[in-house]
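In each ligand, atom 1 is the first atom listed, and ligand 1 is the first ligand listed. Computed from a prediction, not measured in an experiment: that's the story for all the values here.
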Amino acid sequence: MHEIPLLGSKIFAGRGLIDAAGALVKELAPRASRAFVLTDRACRRYAKRVSSVLEAAGRPTSTTVLPPGESQKKLATAARLYDALAKSGADRRTPLVAVGGGVITDLGGFVAATFMRGIPAFLVPTTLLGQVDAAIGGKTGVNLPQGKNLVGTFTQPKAVFLDPEALSTLPARDYTSGLGEVVKYGMIRDAGFFERLGRDHEALRRREPAVLEDVVRRCAEIKAEVVSADEREGGLRAILNYGHTIGHALEAAGGYRALQHGEAVAVGMEAEAFIALELGMIDVAVLAAQNRLLKALDLPTRIRKLPRPRILSALKLDKKSEGGRPRFVLPEAVGRVKHGVEVPAELVHAALRTVTL
Ligand SMILES: NC(=O)c1ccc[n+]([C@@H]2O[C@H](COP(=O)([O-])OP(=O)(O)OC[C@H]3O[C@@H](n4cnc5c(N)ncnc54)[C@H](O)[C@@H]3O)[C@@H](O)[C@H]2O)c1
Ligand SMILES: [Zn+2]
């Protein structure tokens with residue numbers, strides 16, 4: 001088992017952590033008299049394994065099981081959870097353990113950050129996106145009808161448990177989509193890791209636990225490193241948005257249905273590497289290496305049937321833009337990116353032409 005520190009919180013990575021989580025929660029919240037578990041129907045089996053250890057350790061545990069899906073990430077559900085916490089007799093020491101994908105860890109993290117001005121949160125992410133991204137870094141939140149993640153906090157959980165076993169039951173498309181973020185970490189920060197992904201692409205596609213354990217750990221380390229240097233996104237944290245300026249616009253243009261997040265990031269990285277090539281920041285070998293790895297992992301690099309005008313208007317609305325103009329994170333090499341780059345509109349158009357069919 002590996003332990004990665006992040007601004008006072010601990011990230012544990014390794015096999016067996018689902019069964020070890022209950023005991024670690026007890027150790028890290030020693031004065032709690034009870035516990036509260038949040039999960040969704042698809043992850044209930046993992047949540048049960050955590051709560052049974054907590055119960056056996058003398059922590060009576062209340063569990064709330066939500067229906068799966070992004071639509072639960074809202075204030076009304078948070079209100080239901082405050083109610084359930086209060087009724088269960090929770091106090092400020094009661095740990096909230098969120099077992100599930102990014103929806104559950106974002107929502108659980110938000111409720112824990114705000115209930116009684118903050119109770120300890122423990123996250124057991126069960127999706128690849130959750131393990132390498134959503135559960136790491138302390139962003140919590142819910143959506144409003146006006147947009148995603150419009151209400152939230154920066155609050156580090158007490159601990160995060162990354163167990164590759166949880167990924168064995170993940171639907172194929174969710175798993176592959178998560179690999180888009182994995183490739184991103186290689187591109188922004190670690191050329192050796194990027195090469196390793198290429199060598200191990202078959203094992204990764206098969207979800208071999210030993211490979212997955214290492215890969216997830218390395219991604220979590222990279223994110224922890226970046227977030228430790230810039231918790232509130234004033235500078236370096238922006239590099240995590242490689243592939244996301246165009247990726248978010250593709251997601252929005254598809255009404256959040258056509259593409260999964262990691263798929264949009266994959267196509268976004270292809271487009272943004274094209275922009276870097278045209279700006280003379282990289283040579284074509286970098287674009288080709290990224291393209292090869294994305295394909296080897298079954299990720300898309302082109303997208304059909306998305307009207308370009310819709311993508312362009314979504315781009316202007318990108319929340320990372322300054323003064324209405326999007327800023328880009330662009331590669332300078334495999335393993336190194338530059339953030340805050342302004343790109344001429346014609347070049348963005350050209351990049352979109354290369355990735356849309
Ligand atoms: N806080 C952050 O920094 C951050 C970063 C990235 C994404 N996010 C958020 O994460 C959310 C997306 O996360 P996600 O992709 O994990 O979505 P999700 O939580 O909706 O999970 C995807 C689907 O997989 C199911 N599932 C989860 N684990 C499973 C398992 N082990 N076996 C079988 N089924 C399983 C879920 O029930 C759901 O239907 C979005 O709301 C996004 O805003 C947050
Ligand atoms: Zn992302």
[Y] and [X] side chains, donor-acceptor separation under 3.5 Å:
X	Y	value
Asp40	Gln72	no
Ser177	Asp174	no
Thr356	Arg308	yes
Glu213	His2	no
Glu181	His244	yes

Selection from [options] by shortest heavy-atom distance to [atom]:
atom	options	value
atom 7 (C) of ligand 1	Ala134, Gly130, Ala42	Ala134
atom 28 (N) of ligand 1	Leu128, Asp174, Thr126	Thr126
atom 18 (P) of ligand 1	Thr169, Asn149, Ile104, Val103	Val103
atom 43 (O) of ligand 1	Arg45, His261, Lys73, Arg41	Lys73

Nearest non-hydrogen protein atom, [atom]:
atom	value
atom 15 (O) of ligand 1	Leu129 CD2, 3.4 Å
atom 17 (O) of ligand 1	Gly102 N, 4.0 Å
atom 21 (O) of ligand 1	Thr127 CG2, 3.7 Å

Atoms in ligand 1 with a heavy atom of [X] nearer than 4.0 Å:
X	value
Gly101	16 (O), 19 (O)
Asp40	36 (C), 37 (O)
Pro171	33 (C), 34 (N)
Tyr46	31 (N)

### Message
Below 4.0 Å from ligand 1: does a non-hydrogen atom of Gly100 turn up there or not?
### Response
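No heavy atom of Gly100 comes that close to ligand 1.
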### Query
Looking at ligand 1, does Lys223 have a heavy atom less than 4.0 Å from it?
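Flag set, Lys223 near ligand 1.
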### Query
Going by distance only, is there an N or O of Thr140 that falls short of 3.5 Å from an N or O of ligand 1?
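In this structure, Thr140 places no N or O atom under 3.5 Å from an N or O of ligand 1.
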### Task
Tell me which part of Glu70 gets within contact of ligand 1: side chain, backbone, both or neither, using heavy atoms under 4.0 Å.
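Side chain only.
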### Message
If I take the Zn ion (ligand 2) as the centre, what angle separates the NE2 atom of His244 from the OE2 atom of Glu181? Nearest 10 degrees is fine.
### Response
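Vertex at the Zn ion (ligand 2): approximately 110°.
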